[in-house]
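Here's the structure, in structure tokens; my notes come after.
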Amino acid sequence: MMKPEIKDIFIIGGGINGCGIARDAIGRGYSVTLAEMNDLGSATSSSSTKLIHGGLRYLEYYEFRLVHEALKEREVIWGNAPHIVWPLRFVLPHHKGLRPAWFLRLGLFMYDYMGGRKKLPATTDVNMTTNIVGKPLKPLFTKGFEYSDCWVNDARFVILNAMDAAEKGADILVRSKVTSATYDSGVWTVEVTNQLTGDVKEHRAKMVINASGPWVDHVIDDALHDPDDKNVRLVQGSHIIVKKMFDHDRCYIFQNTDGRIIFAIPYEEDFTLIGTTDHDFEGDLRTDAVEATEEEIVYLCKAASEYFTEPVARDNVVWSYSGVRPLYDDGASAAQEATRDYVLRQKPEDHDSSIIHIFGGKITTSRKLAEAVVDKIATKIGKRGEKWTKKAALPGGDFAMDGFDALLAKLKSEHSYLSDRHANRLLRLYGTRAWTLLNDVANTDELGQNFGSDLYEAEIQYLIENEWAINADDILYRRTKRGLHLGQDEASKLQAYIEKYRAELAG
């Protein structure tokens with residue numbers, strides 16, 4: 001039996017770091033295989049606060065390098081993917097019992113000018129008694145500040161990186177768990193088990209990149225058989241979704257008396273997203289589900305109620321989600337103080353420097369992290385190409401940063417059967433690829449079966465054929481976020497349709 005070809009790199013993990021590295025590496029000329037044991041971006045990378053941001057609060061912990069890099073990346077990523085990334089304005093009310101106003105203004109001044117901001121508007125003062133942003137809040141908040149960051153559809157950001165990598169030649173394996181990785185004479189042999197069929201396949205590569213996020217230590221333990229190598233601090237962050245609490249398009253950042261901050265952000269047109277929490281995760285990811293605890297949900301309701309005139313009651317919560325951040329264990333005493341910066345570990349004693357372990361990281365700095373990892377790959381096995389991702393559009397993002405409205409008008413003109421809301425949603429998810437999805441569709445009937453809201457058969461087929469969607473959750477809670485709008489009966493019908501369509505494709 002012939003042995004498999006030796007690839008340049010084998011990446012373990014299909015979150016934003018793994019998919020970003022695959023994209024960068026294949027574009028520089030390296031051969032790449034990536035294996036993700038579940039759905040792409042199904043854990044930490046789809047459980048964020050959905051922001052491309054500098055991390056205003058990190059200034060208090062003197063994380064200047066991280067904040068500087070993150071601030072510079074905001075407009076880069078916006079330019080790469082203007083369909084899933086766009087500017088937001090954040091309102092920071094001054095709470096008289098907490099940080100003084102001069103301290104907040106100084107921090108925001110640094111935030112404005114330490115990151116090379118060009119298109120995002122600068123900070124302004126806000127009179128909360130006359131500005132519309134003060135209306136939903138208690139009257140005791142009379143002064144505030146408004147600054148800029150960006151929104152990102154986090155799960156789609158992962159998918160678009162994976163799509164670009166695949167279209168350039170990378171092998172992207174989903175539902176494929178790495179169960180063993182051994183090194184001998186300059187070559188890694190990686191054993192991968194298909195989670196759907198149970199089939200086991202062997203892969204070979206010159207280098208392995210452990211980008212498994214919260215599972216980084218488990219991979220070291222289970223696949224590399226080094227149980228004493230512990231490096232990661234798991235910090236759980238949870239969010240709640242409530243019915244829309246305000247009508248304007250600004251977001252809020254609230255200070256809490258315990259030193260933490262939370263955001264309240266317009267979400268999926270009809271909702272408000274509130275989060276996040278910060279506490280150490282004490283479970284075992286191999287056996288325990290990651291879910292928002294009752295204590296976290298109550299905490300977020302109470303923290304938001306300190307600011308909003310209308311209290312956020314527990315009964316207002318329509319959905320919650322939770323993720324575990326794989327922070328590098330720097331010995332910080334409190335979870336919210338642990339560094340959010342990434343650490344890349346590559347040592348001569350680790351199989352001749354042929355494996356790189358990734359700890360920490362943020363969606364905002366994932367492109368820079370990928371560049372740094374591929375630079376290390378180049379040092380180890382030879383340079384193949386130049387850095388290229390800074391000005392390269394992600395799939396569907398090949399239009400101007402400020403060109404969304406013009407593109408939306410074009411889509412509505414050419415597909416006039418789409419409602420305004422449906423057209424906007426499709427363009428926000430797929431950008432210029434919306435035309436591919438709607439290819440040969442001339443009217444609503446040709447969109448096929450409607451599974452609820454504006455989720456039609458044509459979109460389902462596109463996601464199965466082009467974006468590795470395998471079940472209803474992949475589509476409802478990661479690819480489209482329509483899960484907030486569909487009932488259980490509709491979700492069950494969607495699952496049955498997916499199974500039938502995938503069987504037809506298989507043959």
Would you please say whether a donor-acceptor pair under 3.5 Å links the side chains of [X] and [Y]?
X	Y	value
His279	Glu296	yes
Glu73	Thr364	no
Thr123	Asp112	yes
Gln236	Ser322	yes
Asp341	Tyr58	no
Ser366	Asn17	no
Tyr430	Glu467	no
Arg478	Ser45	no

Exercise. Hey, which of Arg482, His485, Glu490 is the one that makes side-chain hydrogen bond (donor to acceptor under 3.5 Å, both in side chains) with Ser453?
Worked result: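 With Ser453 as partner, Arg482, His485, Glu490 yield a single side-chain hydrogen bond (donor to acceptor under 3.5 Å, both in side chains), made by Arg482.
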Side-chain contact test, heavy atoms from C-beta onward, threshold under 4.5 Å: evaluate it for [X] versus [Y] and give yes or no.
X	Y	value
Ile356	Arg345	no
Leu160	Ile84	yes
Ile240	Cys301	yes

Quick one: sort the [X] and [Y] rings into parallel, tilted or perpendicular, breaks at 30° and 60°.
X	Y	result
Tyr252	Phe308	perpendicular
His95	Tyr307	perpendicular
Phe359	His357	tilted

Exercise. Would Phe90 and Leu51 satisfy side-chain contact (heavy atoms from CB on, under 4.5 Å), going step by step from the backbone distance to the final call?
Worked result: CA-CA 11 Å; Phe90 288 79; Leu51 301 179; 3.6 Å; yes
I'd like to know if [X] and [Y] make a salt bridge, using a cut-off of under 4.0 Å between side-chain N and carboxylate O.
X	Y	result
Lys244	Asp270	no
Asp249	Arg89	no
Arg425	Glu269	no
Glu69	Arg65	yes
Lys493	Asp489	no
Glu75	Arg117	no
Arg57	Asp278	yes
Arg421	Asp454	no
Glu167	Arg433	yes
Arg175	Asp39	yes
Asp24	Arg367	no

Exercise. Does Asn80 reach the main-chain N or O of Ala392 with its side chain, forming a donor-acceptor pair under 3.5 Å?
Worked result: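 It does hold such a pair.
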Exercise. Is NZ or CZ of Arg428 both nearer than 6.0 Å to the six-membered ring centre of Trp86 and within 45° of the ring axis?
Worked result: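 Flagged: Arg428 positioned over aromatic ring of Trp86.
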Problem set entry | Geometric cation-pi criterion Lys243 and Tyr267, 6.0 Å radius, 45° cone |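 No, a cation-pi geometry is absent between Lys243 and Tyr267.
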Problem set entry | Residue pair Tyr497, Phe451: steps toward the ring-ring contact (aromatic ring centres under 6.0 Å, His included) verdict | CA-CA 10 Å; Tyr497 174 83; Phe451 292 94; 5.2 Å; yes
For this session: Can you spot which of Leu285, Leu327, Asp280, Thr44 makes a side chain to side chain contact (heavy atoms under 4.5 Å, CB included) with Leu234?
Result: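 By the side chain to side chain contact (heavy atoms under 4.5 Å, CB included) criterion, Leu234 pairs with just one of Leu285, Leu327, Asp280, Thr44: Leu285.
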Exercise. Pick one: which of Val174, Ile464, Leu463 meets side chain to side chain contact (heavy atoms under 4.5 Å, CB included) with Ile470?
Worked result: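 When Val174, Ile464, Leu463 are each tested with Ile470, the side chain to side chain contact (heavy atoms under 4.5 Å, CB included) holds only for Val174.
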For this session: Would you please indicate if the ring centroids of Phe263 and Phe254 are separated by under 6.0 Å?
Result: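 Ring centroids of Phe263 and Phe254 are no less than 6.0 Å from each other.
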Problem set entry | side chain to side chain donor-acceptor pair (under 3.5 Å) partners of residues 309-320, not counting sequence neighbours, each pair once |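 Matches after skipping sequence neighbours: Glu294-Arg314.
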